[in-house]
Amino acid sequence: MNITVVGTGYVGLVTGTCFAETGNQQQFSLVDGRVFKGWIMEISDTELLMSTGAGEQGQEVWLSLTDINPATLSYWDVKQQQWLAYTLN
């Protein structure tokens with residue numbers, strides 16, 4: 001099952017974090033164009049800690065909430081095995 005949360009405001013970010021707590025992967029696009037995919041590990045008033053994987057390949061990154069682009073929305077396509085941009089028609 002794919003779940004999409006539109007926006008990273010007060011409701012969207014909290015909802016996404018709740019889904020992350022149950023093991024769902026998240027994707028965030030920052031305003032400078034960088035993209036982080038992984039799991040939310042911790043959240044504070046100003047930033048969140050994202051883990052991009054396990055072991056040596058993974059890294060933990062603190063992302064400022066003001067750097068997250070609230071208009072960017074992506075989802076994991078199971079058939080194509082890749083992240084796709086979601087657009088409203």
Side-chain angles (χ1 to χ4, degrees):
M1 173 171 59
N2 291 319
I3 300 169
T4 301
V5 177
V6 178
T8 54
Y10 291 111
V11 176
L13 188 57
V14 172
T15 303
T17 303
C18 291
F19 287 128
E21 283 288 317
T22 60
N24 294 287
Q25 193 176 51
Q26 311 291 308
Q27 175 172 308
F28 289 102
S29 297
L30 304 186
V31 293
D32 65 4
R34 293 181 296 155
V35 176
F36 290 92
K37 302 169 195 162
W39 296 266
I40 298 172
M41 305 303 290
E42 188 176 331
I43 189 167
S44 72
D45 291 337
T46 58
E47 55 191 3
L48 59 85
L49 177 62
M50 175 167 263
S51 175
T52 61
E56 295 178 12
Q57 295 178 352
Q59 63 178 344
E60 291 188 347
V61 180
W62 282 99
L63 303 175
S64 173
L65 298 179
T66 58
D67 290 340
I68 298 172
N69 188 349
T72 302
L73 176 64
S74 301
Y75 66 96
W76 180 254
D77 187 301
V78 179
K79 291 180 183 177
Q80 296 183 41
Q81 294 293 302
Q82 65 180 355
W83 288 95
L84 298 176
Y86 182 81
T87 55
L88 297 173
N89 294 327

Residue among Asp45, Thr46, Leu48 satisfying side-chain contact (heavy atoms from CB on, under 4.5 Å) with Leu65: Leu48
Between Trp39 and Val35, is there a shared hydrophobic cluster once you connect ILVMFWY residues whose side-chain heavy atoms come closer than 4.5 Å? no
Separation of Met50 CE from Met41 CE (nearest 0.5 Å): 10.5 Å
Donor-acceptor contact present, side-chain Thr52 to main-chain Gly38, <3.5 Å: no
